[in-house]
Participant: 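Before I ask anything, let me first share the structure, which is written out below as structure tokens.
Proteins get letters first, then strands, A, B, ... in listed order; numbering begins at 1 in each.
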Amino acid sequence: DTAVSQTPKYLVTQMGNDKSIKCEQNLGHDTMYWYKQDSKKFLKIMFSYNNKELIINETVPNRFSPKSPDKAHLNLHINSLELGDSAVYFCASSQWDRGTDTQYFGPGTRLTVL
Amino acid sequence: EDQVTQSPEALRLQEGESSSLNCSYTVSGLRGLFWYRQDPGKGPEFLFTLYSAGEEKEKERLKATLTKKESFLHITAPKPEDSATYLCAVQEGGNEKLTFGTGTRLTIIP
């Protein structure tokens, strides 16, 4: 039983296209996150949603728009893709109010923009 | 702004050769310090959370310790399957986000 899943695992697309990445968690958590891992393996927070409400929005171009249809899902839509968007995108989830708010990560989506 | 520095960047050990990885941090009010393991092509896998200076946690050949300025991940008698990138992250009080270091790539040679 996969705890945090993402689709697709690989995404190759042309510059200027619009694409979406989907994330689902079956842990019953109330908070979900998107992180970006660059070519140097540095992992940086992009967004966080708690109970479908945006609570963290780091300095990310507004071409990136997260959407949370319910507590178990957090999708990332990217408009007008640029070469610099190539990276691995990780979804994570946690339960904020349990005291041990460990974040559990998905397997990642490797985005390549040509 | 929270800062996390991990050293060394890469470490090669012979099987059975014990060593330590370092994570130095600067944060206003630490809520928790997290250690993750990341294998190539996979997502970070949770190992430990430490909440206060002096705390220690162990799991198999790994032991994590915490002071007010740094954390160490001690690996005792490592095996080749311990090869991975080890990531350290801090969480500031009242803020859900994790601030990660750049990781230590550990290679255990049989």
Participant: Check the hydrophobic clustering (I, L, V, M, F, W, Y; side-chain heavy atoms under 4.5 Å; chains of links allowed) and say if A/I56 and A/L74 are grouped together.
Facilitator: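 No, no single cluster joins them.
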Participant: Out of A/Y104, A/Y35, A/Y33, return the one with the most heavy atom pairs under 4.5 angstrom to chain B.
Facilitator: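 Option with the top pair count is A/Y35.
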Participant: Does any non-hydrogen side-chain atom of A/K41 lie less than 4.5 Å from one of B/T102?
Facilitator: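 Not touching, per the 4.5 Å side-chain cut-off.
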Participant: Could you state whether B/F34 and B/V90 fall into the same hydrophobic cluster, counting links through intermediate Ile, Leu, Val, Met, Phe, Trp or Tyr residues with side-chain heavy atoms under 4.5 angstrom apart?
Facilitator: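 Different clusters: B/F34 never reaches B/V90 through Ile, Leu, Val, Met, Phe, Trp or Tyr contacts under 4.5 Å.
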Participant: As an exercise, state the distance from OH of B/Y36 to OG1 of A/T102, rounded to the nearest 0.5 Å.
Facilitator: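 Reported to 0.5 Å precision, the distance equals 6.0 Å.
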Participant: Let me know if A/L43 has heavy atoms under 4.5 Å from chain B in its side chain, its backbone, both or neither.
Facilitator: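 For A/L43, the contact with chain B is made by backbone and side chain together.
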Participant: Examine whether an atom of B/Q91 lies under 4.5 Å from a heavy atom of chain A, and if so say whether it belongs to the side chain, the backbone or both; otherwise answer neither.
Facilitator: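 When you check distances to chain A, only side chain atoms of B/Q91 fall under 4.5 Å.
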Participant: Taking the six-membered ring for Trp, are A/F105 and B/F46 ring centroids under 6.0 Å apart?
Facilitator: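 No - the distance between ring centres of A/F105 and B/F46 does not fall below the 6.0 Å cut-off.
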Participant: Count the heavy atoms belonging to other residues, nucleotides or ligands that lie under 6.0 Å from CZ of A/R63, then report whether that count exceeds 12.
Facilitator: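 Check passes, neighbour count above 12.
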Participant: Less than 4.5 Å apart, any side-chain heavy atom of A/F42 and any of B/L87?
Facilitator: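 No, every pair of side-chain atoms sits at 4.5 Å or beyond.
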Participant: Measure the CZ-CD distance between B/F100 and A/Q37 for me, rounded to the nearest 0.5 Å.
Facilitator: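 Result: 9.0 Å between the selected atoms.
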Participant: When you compare the side chain of B/Q38 with that of A/F90, does any pair of heavy atoms fall below 4.5 Å?
Facilitator: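 Side-chain contact under 4.5 Å: yes.
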Participant: With a 6.0 Å cut-off (strictly less than), is the heavy-atom count around NZ of B/K57, excluding the residue itself, greater than 12?
Facilitator: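 Above 12, so yes.
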Participant: Please answer: with hydrophobic residues joined when any side-chain heavy atoms are less than 4.5 Å apart, are A/V60 and B/L98 in the same cluster?
Facilitator: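 Hydrophobic grouping puts A/V60 apart from B/L98.
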Participant: What do you reckon, is CD of A/E53 surrounded by more than 12 foreign heavy atoms closer than 6.0 Å?
Facilitator: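 Counting neighbours around CD of A/E53, 12 or fewer heavy atoms of other residues, nucleotides or ligands fall under 6.0 Å, so no.
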Participant: Any link between A/Y10 and A/I21 through a network of hydrophobic side chains (Ile, Leu, Val, Met, Phe, Trp, Tyr) touching at under 4.5 Å?
Facilitator: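 No, separate clusters.
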Participant: For the NZ atom of B/K97 and the NZ atom of A/K44, what is their distance to the nearest 0.5 Å?
Facilitator: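 Here the rounded value is 6.0 Å.
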Participant: Let me know if A/Q6 has heavy atoms under 4.5 Å from chain B in its side chain, its backbone, both or neither.
Facilitator: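 Contact with chain B involves no heavy atom of A/Q6 at all.
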Participant: Tell me whether B/L73 shares a hydrophobic cluster with B/L13, the cluster being built from Ile, Leu, Val, Met, Phe, Trp, Tyr side chains joined at under 4.5 Å.
Facilitator: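 Yes, one cluster joins them.
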